[in-house]
There are 2 protein chains.
Amino acid sequence: MKQKKIPPPVLITIFGAKGDLTRRKLIPALYNLYTGGHLPRIFAIYCIDYLESDETDFKNNLLTGINEFSRNGIAEEIKWKEFAAKLFYIQGDLQVDDTFLNLKQSAAYFEKQLGQNCSRIFYFATAPRFIEIIAEGLYRYKLCNRILLDRIVIEKPFGTDLNSAKKLNFFLSERFAEKQVYRIDHYLGKETVQNIMAFRFANNVFEPLWNNKYIDHIQITVAEQVTVGKRGGYYDSSGALRDMIQNHLLQLLCIIAMDCPSAYQAELIRDAKTKVLKSVRSLSTKEIFKNVVRAQYVAGSIKNIPIPDYRAEEKVSPESSTETFIAAKLFIDNKRWKEVPFFLATGKALPKPVSVIVVQFKDTPHKIFKGDIVPNRLTISIQPELEISLLFESKVPGLQFKLQAVDMDFTYKESYTEALPEAYEALILDVLRGDPTLFMRADQVEAAWKVVMPILDAWAKHPLKKLHFYKAGTWGPEAARQLVKPYAEKWFELPRIERMNSKPLITIKDPTNKTRS
Amino acid sequence: MKQKKIPPPVLITIFGAKGDLTRRKLIPALYNLYTGGHLPRIFAIYCIDYLESDETDFKNNLLTGINEFSRNGIAEEIKWKEFAAKLFYIQGDLQVDDTFLNLKQSAAYFEKQLGQNCSRIFYFATAPRFIEIIAEGLYRYKLCNRILLDRIVIEKPFGTDLNSAKKLNFFLSERFAEKQVYRIDHYLGKETVQNIMAFRFANNVFEPLWNNKYIDHIQITVAEQVTVGKRGGYYDSSGALRDMIQNHLLQLLCIIAMDCPSAYQAELIRDAKTKVLKSVRSLSTKEIFKNVVRAQYVAGSIKNIPIPDYRAEEKVSPESSTETFIAAKLFIDNKRWKEVPFFLATGKALPKPVSVIVVQFKDTPHKIFKGDIVPNRLTISIQPELEISLLFESKVPGLQFKLQAVDMDFTYKESYTEALPEAYEALILDVLRGDPTLFMRADQVEAAWKVVMPILDAWAKHPLKKLHFYKAGTWGPEAARQLVKPYAEKWFELPRIERMNSKPLITIKDPTNKTRS
């Protein structure tokens, strides 16, 4: 359980202060934490970047970022002035020792003024290649050496494969204690994602059903509407498997599939999640080309805006075999989940941004009512609407005994009027509080890489084998539909509120006719 | 499964045609069935009563009844004219042979005109003392002797105790086949009540939870706002136990507690229900005065209208010990329900008309979240709103990990725009179709009497012992609250839609502090 108390005095340093992440996410989140009274009375934010910058221009740029991206809209002038007074731009080349020396002196000055027990948080909002450089600088200048007070926050990717992840973890472990390292996966800060644990473990009625006796399959789908856009340089060497599956989707899988920890404590929860990853069945190359579908978008349109071929995007190789879509059927080899397929799918340039987890229950073993009976289905929508709903069969009112599948649902929108905190607010506050529950531990990251490595290897060996294509603005390739077809009619269930009381989009086939593979 | 087809040609005879039931329920139901196209093309309704009546006056009186009581409001003139042309008033004294002779001739004439395979339905909308008289008349004149085509419909009370019920059943069984006898309990025709079976048996996720491992207790409560009014003569010799528990509430108990029948067939369903009644634990006199609370209302007010003492009501004895409220804790001694209390409560002159079934699940055996966790609760509301909702713990959106009980719900009102058919429509159509599923079989009636007999006997022996009193317009006596208190804070959960997002009214005590009795 997170403590309610305000975190201790803190000095936050952001590396990469002129980057997109800082302007769109970190500063709006910190500003909201400030106006919400969640930051300690004593704090400062050092913003470090390579280029010289006028402090006023720099701050004004952050202000427009808040006005554009904060959930609370336009910043209040007086609050912004108070907040901006705690922001300091420090120009510095990360490859130069002086930068860290300078930082050290600034920190020392700040702390001398305001107390030695100040916590230090270093946020790596830079490209991945700077992680080691910053870590080494912090280490060498003893900027982050108090295990209980000093923390670093790093963004994915945590390596580009198992080996590089191991190397990175080892490098960090030689300089910091594991408990000082906060590997952020912003998906885990989302309200509905956090709620899944409450839903599963604070309610007694779901756990008895949460196993292969009652669950037919589970779908975890994250549809992105955005294309690769300007991120072609990074993305083309990464792909959907590295960019989305290895982190976000596998983490959702962990939360859905994990056993109940014996207490709500960071290490116990991270143990339980790691256990799930370690139980994911390893696929042979042959199985990979059967159970994992990859695809790349080609020219199409989204909301009437024409989209080019992925291969024609900026900084993307014209012969690229990088997948912008992936759908995989995975199995977890433990007692609870034996033979329950977990379908993971994600892609870019899809018709809508939708993140949904669908828990499809099995059909009743014995049917006493005639006609098609739709098996129960629990839908946890993360995006665009936060919603939990249970599909169940009900009698249609009227003089016939006719059944119809209807939804029992709980919608955040209808239940809460306040704007939900952004994932980054929740996660940054956790860092300040020293609660690593929602962050990735080194062994978690490695276990997740272990799951995806055989797929990466198989694809590296056969770069074009079974690479499918789909038109931008469609729901992915036919091959993905074929993968899920024995279990469900389609991917990407829309939240109920979007469906506007229409018939459910996933029509589950009668399991008695299933041709399981 | 009910057939969709229109029932065969039918001749309906209503005995007691000038009574309240005919005007308020039967004719509006038949009229709605007619306008809805559910009646066969060939039908006639013979309306029999003691007094002479001008046919036009009689029909006009029925028309005002439709306009006042039908769910569809004012009758359409042309439709009413068509319908009224099939209505015939027959004056007749039920104690005189000529009445049946006359009826026989009329029926023969009608059938000669319209075909011999006409089904005959005889609806006993009279006082109970006429049941045997009418039955004997029908029998003697062979008016109802074709087992597959002719049926009688009788209204409760089916006897006033076990012996009289047995006598009545025997009397009927000597004159009609059991399958010709339709004992109506209009509660079983209500949409939500019918839906409970669909809910329980067409969905695979509830059955695994539907037992003493997961269910803490079940409440079945039917609150009536009406007082005894003009029914004092009947009611004072009956009381809430006979009037409500023996039929409506025990039938709801059966539907909630029954095992899944092997098929949706009338006899299998009635077998399963009867099995429940036969498993209800018989209470000793001592247990009765501990587990069954009876009470009588005294002067108070409802909606600012003053209500007199029950004992001061019309035709009620000034020394009456008749209960107008009853709350009972019952147990079903089988494997599924061992030691799960079923709380049944009903009363007159309560603040609101509410019928609700609450399935209270047990607490999680192991709690990983701090603070009060409200165990899951499934609420099936029958009145005033048709609604099914599941209370579950969810994370409150925000930067603390705080839990709150919220509702996932399904509301008929929000899901269906058409007015629901009245219970009487559904049930009369079932009679026409020859589907006895929702009607009480002789052995069911007797089994229900067996459940209440020990209580009736104990009270007869000690007429005033522990007779409690409650003010009209309150939720019953304190003793009833004490009965349920180890399990729940209060009776009579209001449907969610009525609570308007306020905190749940039943606050379940922490089961670890329970002092079970």
Side-chain angles (χ1 to χ4, degrees), chain A residues 1-2 4 33 36 38 191 194-195 197-199 201-205 207-209 214 260-264 361-371 373 375-376 386 388-390 392-401 403 406-410 412 415-416 418 420-421 425-426 429 501, chain B residues 1-2 4 33 36 38 191 194-195 197-199 201-205 207-209 214 260-264 361-371 373 375-376 386 388-390 392-401 403 406-410 412 415-416 418 420-421 425-426 429 501:
Chain A
M1 222 60 154
K2 288 174 194 172
K4 286 190 184 183
L33 287 174
H38 298 289
E191 272 297 335
Q194 288 190 68
N195 194 20
M197 255 192 284
F199 186 81
F201 303 132
N203 295 293
N204 204 20
V205 296
E207 181 65 14
L209 307 168
Y214 299 106
C260 183
S262 58
Y264 194 85
F361 291 98
K362 289 185 176 172
D363 212 345
T364 39
H366 175 66
K367 290 182 187 174
I368 66 165
F369 301 103
K370 279 177 205 148
I373 295 208
N376 297 115
L386 299 171
I388 299 179
S389 68
L390 178 69
F392 69 103
E393 284 285 336
S394 176
K395 179 186 173 299
V396 181
L399 296 168
Q400 312 296 338
F401 204 103
L403 297 177
V406 296
D407 276 300
M408 200 189 277
D409 71 295
F410 168 72
Y412 278 72
S415 305
Y416 299 104
E418 271 182 83
L420 300 177
E425 289 174 51
L429 187 56
N501 297 321
Chain B
M1 224 58 155
K2 288 174 196 173
K4 285 189 186 182
L33 288 173
H38 298 288
E191 272 296 335
Q194 289 190 66
N195 194 19
M197 256 193 284
F199 186 81
F201 302 132
N203 295 294
N204 203 20
V205 294
E207 180 66 13
L209 308 168
Y214 298 106
C260 184
S262 58
Y264 194 85
F361 291 99
K362 290 184 176 173
D363 213 345
T364 40
H366 176 65
K367 289 181 185 174
I368 67 167
F369 301 104
K370 279 177 206 149
I373 296 208
N376 297 115
L386 298 172
I388 298 179
S389 69
L390 178 69
F392 69 102
E393 284 285 335
S394 177
K395 180 185 174 299
V396 180
L399 297 167
Q400 312 297 337
F401 204 102
L403 297 178
V406 297
D407 276 301
M408 201 188 275
D409 70 295
F410 167 72
Y412 278 72
S415 305
Y416 300 105
E418 271 182 83
L420 301 177
E425 290 173 51
L429 188 55
N501 297 321

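Computed from a prediction, not measured in an experiment: that's the story for all the values here. Lettering follows sequence order; numbering is per chain, from 1.
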Output the option from P261(B), S415(B), P397(B) having the highest count of non-hydrogen pairs under 4.5 Å with chain A.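 Result: the option with the highest number of such pairs is P397(B).
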
Pick whichever of L209(B), L33(B), L386(B), N203(B) has the most heavy-atom pairs under 4.5 Å with chain A.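 The option with the most such pairs is N203(B).
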
Heavy-atom distances under 4.5 Å only: say whether [X] touches chain A with side chain, backbone, both or neither.
X: F361(B); result: side chain
X: Y416(B); result: side chain
X: P421(B); result: side chain

Residue among E207(A), H38(A), E191(A) with most heavy-atom pairs under 4.5 Å to chain B: E191(A)

Most heavy-atom pairs under 4.5 angstrom with chain B, which of L420(A), L429(A), V406(A)?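 Option with the greatest count: V406(A).
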
Under a 4.5 Å heavy-atom cut-off, does chain B meet the side chain of [X], its backbone, both or neither?
X: Y412(A); value: side chain
X: L390(A); value: both
X: S394(A); value: both
X: F199(A); value: both
X: A263(A); value: backbone
X: N376(A); value: side chain

Closest approach of I373(A) to A202(B) (non-hydrogen atoms, all atoms of both residues): CG2-O, 3.6 Å

Taking all atoms of both residues into account, what is the closest heavy-atom pair of S389(A) and D409(A), and its distance?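 Result for this residue pair: CB-CB, 3.5 Å.
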
Could you state the interatomic distance from [atom1] ([X]) to [atom2] ([Y]), rounded to the nearest 0.5 Å?
X: Y214(A); Y: N204(B); atom1: OH; atom2: CG; value: 7.0 Å
X: K367(B); Y: L403(B); atom1: NZ; atom2: CG; value: 11.0 Å
X: I388(A); Y: N195(A); atom1: CD1; atom2: CG; value: 4.5 Å

Between F401(A) and Y264(B), how do the two ring planes meet: parallel, tilted or perpendicular, split at 30° and 60°? tilted

Working note: I368(B) + H366(B), criterion side-chain contact (heavy atoms from CB on, under 4.5 Å); need CA distance, chi angles, decisive distance, verdict. CA-CA 7 Å; I368(B) 67 167; H366(B) 176 65; 3.6 Å; yes

